[in-house]
Every structure is written in C-alpha cells, then in structure tokens.
Number of protein chains: 2
Amino acid sequence: MKDDETCEVLVVDKAKVNHAREELEKVDIEKMAEFYKAFSDTTRLQIIMALTVEELCVCDLATVAGVSISAVSHQLRYLRNLSVVHKRKTGRKVYYSLRDEHISTILNTVKEHLDET
Amino acid sequence: MKDDETCEVLVVDKAKVNHAREELEKVDIEKMAEFYKAFSDTTRLQIIMALTVEELCVCDLATVAGVSISAVSHQLRYLRNLSVVHKRKTGRKVYYSLRDEHISTILNTVKEHLDET
DNA sequence: TCGATACTTGAATGATTGCGCAAATATAAC
DNA sequence: GTTATATTTGCGCAATCATTCAAGTATCGA
C-alpha cells in the first residue's frame, strides 16, 4: 500500500500527506508568512534591530539604516500595519519602538542559529 | 546637546545613533534578511512546516502545499541554496527534510508570538 | 501669520520574484 | 533498446515590492 501508487500530482503516500496537512491546518500560514516578510528586507530588518536597543525618531532611523527619510517612513508604515512597531509623537518628532519584547527573542533565536553555521 | 541639532537627513541624537549602529555592526544583516525571506512566502512556509512533521517527496509536498510540481521544485531549489532543506534521493524519488531542528524551534517561537495577539 | 522642521503619503518606476511552460535529466520497468 | 515516472531547469511574464519624487499635513519658533 506504499509507494505503489503513481504520482501525477496525486499522492504517493496518503498517510504522510494527511499527517502533514493536519499540521498545516493548525496555523494561519498567510499571517505567519506576512510576519516573516517584515524581517526579510534589509531596510526593515535594520530598523527593527536598531529598535531593539532603544526608541528612535524617524530621522535617526534613516541615518542608522542608511536610507532616505521617505524610505524609512514607508517601511515604518508597513511595520505599523503589522503591529511590529509602536508610534509615539512628541511635538513634531515621531519616535518608534518595538511593540513587544517577543520580537527581540525571535531575533536572538535566529541570530544564534545563523552563528552556528 | 540633545535635540537642538537640525535633522535634514543628518542626526538628531548622535549618541543613540551610534549606539544603534554598534548593534547593527555585530550581525550580517544581508544574511539574516535572506534567512527570513525563506519563510516569507506561503508556498515555502507550507513546505517547511510540512517537513517539520516528516520527510516528504516532491510530489507529496506539491499536494500538501496545493501547488504544481514545478512550483515546489523551484522553491525547493531556493531552500536548498539557503541550506534550509536536505535532499535525499532513492530511485527516481527525491525526499526532502529540514537540515536541522533549529528551524522547528524558530517556527514555534514565532507561532507562539502570533498566538498571543 | 510666515517659514522652517519632521514626518507622511500617493503616484511613478525600476527591480525582484513566483510560477507556468516546455524541454531536459535520471531512474525504473519492460 | 523504448517507454513511463519523478524531478529539475531555463525562459518568460505578470505581479509584487522598495524606493524616489513631489506634494501634503502637523508642529514649532519668530
């Protein structure tokens, strides 16, 4: 009953396929992929990592990331929509910070993984 | 000495900027972003999550992810180049698995984070 | 009120990317 | 040898994306 069925975009091993499917049904793939995408661009990743240290205004974030004010602003909106960063306005300055410390934990887990290779 | 300099793509708070810069210099941003990108596409994420359960052949991966054989194969090459997956060939079938268990750890950390929102 | 500063926003653009398609490769069965 | 199966690969294109530019809003000092 194993490996004797043809493939043809059908199934080779039904049990394994169903097992894997169950695993996928438990999570919101779309949402997860979106979250990872937040970290998948160098500008956004630099913004996020800079904010693990401390709160920064838009102007300083642009300097740190080495891109234009407009570019950071666009990416900050992106990260705001994903609830990754938090906005705090004082006068005409806008300070950004990470919405919660889980982000730092995730960053460190990945950092350690990459160091081990 | 604080907040009294103009912005103009220069710096508002030099100390903070330098502090953030030091943090960024410690890591390879390019490499990290590339790693996150592996998880940022729904097809790739489905492949990776399916492989946390068990080894699967290309055909079954296509079924589980709900995409064509060609599409999975393209993405598997991508993941192979990033050393995320491992290839094992038996006869004319090719079985893929995750290269190490760190991946599962990372996936779980993020999964928990998203559940808490 | 006026001008300068700090940031946001929408449209335009060039680059990247995911996937379909068709051809190619590799292995197994006959 | 031929044929069928399983996967890989290069090309091309549509869709997505990151950034620039220019115009917009908001706040402060004069």
Side-chain angles (χ1 to χ4, degrees), chain A residues 2-13 17 29-30 33-34 36-48 55-82 85-96, chain B residues 2-13 17 29-30 33-34 36-48 55-63 65-82 85-97:
Chain A
K2 228 176 163 184
D3 281 56
D4 49 358
E5 305 180 49
T6 62
C7 185
E8 297 277 50
V9 196
L10 290 166
V11 181
V12 171
D13 191 325
V17 166
I29 293 285
E30 208 97 16
E34 254 200 348
Y36 283 109
K37 206 183 280 172
F39 301 81
S40 73
D41 169 78
T42 52
T43 301
R44 286 196 294 270
L45 188 55
Q46 282 181 108
I47 290 173
I48 294 168
E55 189 188 60
L56 286 167
C57 69
V58 178
C59 183
D60 284 355
L61 276 171
T63 309
V64 170
V67 296
S68 73
I69 300 273
S70 180
V72 254
S73 194
H74 276 292
Q75 298 301 351
L76 284 168
R77 173 168 51 169
Y78 184 103
L79 295 173
R80 234 163 43 222
N81 290 338
L82 280 174
V85 299
H86 172 76
K87 187 179 184 169
R88 180 175 72 84
K89 193 167 182 178
T90 349
R92 53 193 145 165
K93 288 217 188 101
V94 179
Y95 287 93
Y96 280 89
Chain B
K2 227 176 164 185
D3 282 56
D4 50 358
E5 305 178 48
T6 61
C7 186
E8 298 277 50
V9 195
L10 288 167
V11 182
V12 171
D13 190 325
V17 166
I29 293 286
E30 209 96 17
E34 253 200 349
Y36 283 110
K37 205 182 283 172
F39 302 80
S40 72
D41 169 78
T42 53
T43 301
R44 284 196 295 268
L45 188 54
Q46 282 182 108
I47 291 173
I48 295 168
E55 190 188 61
L56 286 167
C57 70
V58 178
C59 183
D60 284 355
L61 276 170
T63 309
V67 296
S68 73
I69 300 271
S70 178
V72 254
S73 193
H74 276 294
Q75 298 302 350
L76 284 168
R77 171 168 52 172
Y78 185 104
L79 295 173
R80 232 162 44 220
N81 290 338
L82 279 174
V85 298
H86 173 76
K87 189 179 183 169
R88 181 175 73 83
K89 195 166 181 177
T90 348
R92 53 194 144 166
K93 287 217 188 99
V94 179
Y95 287 92
Y96 281 89
S97 55

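Within every chain, numbering begins at 1; the chains are lettered A, B, ... in the order of the sequence lines, protein sequences first and strands thereafter.
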Is any side-chain nitrogen or oxygen of B:Y96 closer than 4.0 Å to OP1 or OP2 of D:dT8?
-> yes
Tell me, for nucleotides 17-28 of chain C in 5' to 3' order, what letter each nucleotide earns: B for a base near a protein heavy atom under 4.0 Å, S for only sugar-phosphate near one, - for neither?
-> SSBBB----SBS
Worked check of side-chain contact (heavy atoms from CB on, under 4.5 Å) between B:T90 and B:Y95 = CA-CA 8 Å; B:T90 348; B:Y95 287 92; 3.6 Å; yes
B:K93 NZ to D:dT8 P: how many Å, rounded?
-> 14 Å
Write down the atom of A:Q46, the atom of A:A65, and the distance for their closest heavy-atom approach.
-> NE2-O, 3.5 Å
Take the protein atom CD1 of B:I47 and the nucleotide atom C1' of D:dT8, then report the distance between them rounded to whole Å.
-> 14 Å
B:R80 and B:Y96: side chain donor to acceptor below 3.5 Å = yes
Start with the C-alpha distance between A:R88 and A:V94, add both sets of side-chain angles, then the distance that settles side-chain contact (heavy atoms from CB on, under 4.5 Å), and finish with yes or no.
-> CA-CA 6 Å; A:R88 180 175 72 84; A:V94 179; over 6 Å; no
Value in whole Å for how far the P atom of C:dC7 lies from CG of A:L79 = 16 Å
Indicate the atoms forming the closest heavy-atom contact of B:S40 with B:R44, along with that distance.
-> OG-NH2, 3.9 Å
Using whole Å, report how far CD of B:E34 lies from P of C:dT16.
-> 13 Å
Whole angstrom value for the distance that separates P of D:dT7 from CG of B:L61 = 9 Å
B:L76 CG to D:dT7 P, straight-line distance once rounded to whole Å | 10 Å
If only side-chain N and O atoms of A:R77 are considered, is one of them under 4.0 Å from the OP1 or OP2 phosphate oxygen of C:dG10?
-> yes
Rounded to the nearest Å, what distance is computed from the OH atom of residue B:Y36 to the P atom of nucleotide D:dC17?
-> 19 Å
Between B:A38 and B:L82, which heavy-atom pair has the shortest distance, and what is it?
-> CB-CD1, 3.7 Å
Spacing between B:R88 atom CZ and D:dT8 atom C1', to the nearest angstrom | 18 Å
Would you tell me if any nitrogen or oxygen in the side chain of B:K87 comes within less than 4.0 Å of OP1 or OP2 on D:dT7?
-> no
Is the backbone of A:D60 close enough, under 3.5 Å, to the side chain of B:D13 for a donor and an acceptor to pair up by distance?
-> no
